[in-house]
Every structure is written in structure tokens, then in C-alpha cells.
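One structure is given below, encoded as C-alpha cells.
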There are 2 protein chains.
Amino acid sequence: MPREAILDPRQEILRTAARLFQEQGYDGTSMNDVAAALKLSKGGLYHHFQSKDEILFNLMDHAMNITEERVINKVRGLSGAEERLRTLIRLHIEVVLSESDREITVMLHENHPLPPALRRRINARKKDYVHFVQNLIADAQRARGSQGSVSPRAAAFALMGMINWIYQWYKPEGELRGPDLVRQYTEIFFAGALQ
Amino acid sequence: MPREAILDPRQEILRTAARLFQEQGYDGTSMNDVAAALKLSKGGLYHHFQSKDEILFNLMDHAMNITEERVINKVRGLSGAEERLRTLIRLHIEVVLSESDREITVMLHENHPLPPALRRRINARKKDYVHFVQNLIADAQRARGSQGSVSPRAAAFALMGMINWIYQWYKPEGELRGPDLVRQYTEIFFAGALQ
DNA sequence: ACTGAAACCGACCGACCGGTCGGTTTGGGG
DNA sequence: CCCCAAACCGACCGGTCGGTCGGTTTCAGT
């Protein structure tokens, strides 16, 4: 028998909460809503998490784990500055568009004030990611010998904006589909930031 | 005596609500908070607006008015496709960074569900703006005779993302100040989308 | 001085929120 | 078969929310 045939209940709660938070917002979703969606009583839900904030924090932390596994670690295994940057753009977009990783969009949008300690941990991880992207860009600029009138910092913010804004308008059935989106965004950014 | 020495009370309420919504979020701000900040009772506040939603809608509508006045109308008065696009980028960034127009960031971030009718009106205005930008980009591409591998639609979304994401990281006292930001973003986008 | 409407107050309402708690069910190891 | 801890239930709590309402103040026009 498979060791993990039954999901960790905490993870199942997080998955459900992520879905509801994405659909109705954090404040628009009550703990009752979460419990009901899991066919649980509110008391039963509080057996697994001791506060709504704890759920939100774990959601955001999990989102950062996903980003680390599916983007950063994959890119680290590559060589060639431009190839690494190109891959980062593709993978990051894929994560944002991924139906299954709703935690990402929750984290992108929700700015509900977490307890300061937790907030700091998330912000630090976000900042690390931006620095990683910034370094990638600097490497790619160096490799191409570009006349750096565009700072890696500004370029990194521009790239994060382009990609993280996608969820605001993207529709899977729309005219601008995934692979096409990746191609065009990559073209725009490469020509724009590595000139 | 000046006819409008005293502000329209509704506008003063909107200004205060915008400030509080930006600082604490829409759900994190109660009608009591708004009333208290105005040195009003909640009952007094409800004399001017009949619901919290009505305040949010007027805030968002006002934000769209500002965009129309300060960006679209200014750009319409210009000639030369590239000059118009360049100016749009600068003005749009300036509006996002403007201390006094907090309604903008409220609208960019808050996705509290408005009554469908109101929601549609705001969304229609947003869509109009994207179309306006899209046409500007198409004109600029044509004027430059660029080999259009980048569609105006994708470029418009990329630009909106770059700019509308700024409020997520921008700090007035940071190293990347306003004019510098405008210059670099313009460079990135022109090289990226008009290649 | 009087009046009427607009502005405003403050107590109040029902609903719902996040969270608690004492007790019951469940199921695997001895 | 029993035990015990983990899982779970459901009633409950204090507090706050958006919104209401009847009454009072303010003040411009006459």
C-alpha cells in the first residue's frame, strides 16, 4: 500500500482554503466556509490550525516553496546566462498560470496584515526571489555586453510586474494562450532589458 | 467669496475613505473608522452615502476619471505615435506614484465584489483604457515599421503589468526614484515592444 | 422670528465573525 | 477486547460589522 495514499489533512485544508481564498478573497471567506467545504465542523477545523492567520501564512509559505522548487531550483541546474533567464521567465509564467497552484495568486493579491513575525518571513523570501532574478538579469546583460542603461533592479521589477499582473486579465479560453504568452513576454523582455 | 471654498462633503468623504482603504484595505476599514476620521457619527456618514459599496464604486469611478483627465486627454492632444506612447507611459506612472490620488492604488488592488451592475461599469472603463493603450502601441509599431512579432495586445498587458505593479514595491525614499523609473521603464518598453 | 429642509447624532439591530470548550466518536496497537 | 490519543462535533462567546431610525441641531430664505 502507498505510504501517502491519504493526503496529509493539513495539506488538504490548505488546498481547499487556497481555492476559496482565491475565489472570494481572504476576508470574504469565513472559517465556516472552509470547514463546510471540507465537510468538517469549525471546531474540527481548529483542531488542525489554531488560527485563520496560520492558514494564510502556511499558504504563502507553501507558495514560496513551490516557486523555489519549480523555478529557482530548475534554473540553478542550467548553464548559460541567457538560457537561464529565458527559462526563469517561462517557468514563472507557468507557475502563475497553473490551475493547481492557487496559493500563488492568493499570495500575489492578498495583503491581509499577518502578525509581524510571519509577515517578515514571507517578505524576506519574496525579497530573496527578486534578488535572484536581479542577478540573473545582470549576468545576462554582462554576457551580452549590453550598454547598461537599464539597471538590473528596474528590469527585475518590470519583469515581476509583467508576470505577476497576468492573473488580473488572463483567461484560459481567451485569445492569448499560455505558450504564445510566454513567447511574446520573453521577446519583449529580452529586447527591452538586454539592449 | 469663492463659490467652492468649502469642499463638497461627498468628495471629502471619498478622499478620507481612499486614504483609509489604502492604508488598511477595504475590508479592514469599518464605516465607523471612516466616520470617526471625518469627525462624524456613522449615522451622519450614511446621510451622504447609502452604502459602503457606493463609496467604493465612487472611488473607483473617480479613479477612472482621473486617468481619463490626466492621461488619456493629455495624450489625445499630442501628435506623433511614438511621442504619444512615450507620454502615456510617463503620465500613467506619475498617476500611480501620485500621493494625492490614492483612489488609483485602491482600485488597482481592491477586488471586493461590487454589485454586478456597478462592477460592469468599472470593468468596461478599464477595458476601454486597455484598448486605448493597445491602439497607441499598434500606431507606434506601424510608425516605426516594426516586424510585429509582438502583438499590441500582449504588449499592452505587459505595460499595464509593469506600471500597475509599481505600487507593490515603490518607496519614495528608495534608490529608484520617479524620473529615473520613468526613463528606464520607457527604455525597456520601447526596445521591447517596438522591435 | 419662523419655517423647512439638509445635516447630523447616537442608540440600536440582526447577522456573522474568529475562536473556545467540554464532550463524543473513531480506529489502530497491545 | 480495551484503551487512549487523535479527530471531530456543535453549542456557545464576546465583539464587530454594515446598516437603520427617530429625534435633534443648524442655518438660509423669507
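Chain letters run A, B, ... following the sequence lines, proteins first and then strands; every chain starts at 1.
When rounded to the nearest whole Å, the span between CZ of A/Arg10 and C1' of D/dA7 equals 14 Å. One can place NZ of A/Lys39 at 18 Å from C1' of D/dA7, the figure rounded to the nearest angstrom. In this structure, CE of B/Met31 is placed 10 Å from P of D/dT20, rounded to the nearest angstrom. As rounded to whole Å, 16 Å separates atom P of C/dC16 from atom CG of B/Asp27. Rounded to an integer number of Å, the gap from CZ of B/Phe49 to P of C/dA6 is 17 Å. Atom NE2 in A/His112 sits about 11 Å away from atom C1' in C/dG18, given to the nearest Å. Rounded to a whole Å, the CD1 atom of B/Ile55 is 12 Å from the C1' atom of D/dG19. The interatomic distance linking B/Asn32 (CG) with C/dC12 (P) rounds to 15 Å, in whole Å.
Distances shown here put a side-chain N or O of A/His47 below 4.0 Å from the OP1 or OP2 atom of D/dA7. A sub-4.0 Å separation between OP1 or OP2 of C/dA6 and a side-chain N or O of B/His48 is absent.
Between B/Tyr185 and B/Trp169, the angle of the ring planes lies from 30° to 60°, which puts this pair in the tilted group.
Here A/Leu45 lies out of heavy-atom contact (under 4.0 Å) with every strand. Note on A/Ser30: only backbone sugar-phosphate atoms sit closer than 4.0 angstrom, heavy atoms only; bases stay farther off.
Mapping B/Gly43 and A/Lys52 onto DNA chain C via the closest heavy atom, the residue that lands nearer the 5' end is B/Gly43.
For the side-chain contact (heavy atoms from CB on, under 4.5 Å) with A/Asn164, the lone residue among A/Leu108, A/Ile104, A/Ile93 that qualifies is A/Leu108.
Checked by distance alone, A/Lys42 brings no side-chain donor or acceptor within 3.5 Å of a matching partner on the base of D/dG10.
Contact check on A/Glu94 versus A/Arg70 returns no salt bridge, with no Lys/Arg side-chain nitrogen under 4.0 Å from an Asp/Glu carboxylate oxygen. Salt bridge B/Asp180/B/Arg183: present, at least one basic N to carboxylate O contact under 4.0 Å.
In the set C/dG18, D/dG19, C/dC8, C/dG18 carries the atom at the smallest distance from any side-chain atom of A/Tyr46.
Of all the heavy atoms in B/Lys52 and B/Tyr46, the pair that sits closest is N-OH, 4.3 Å.
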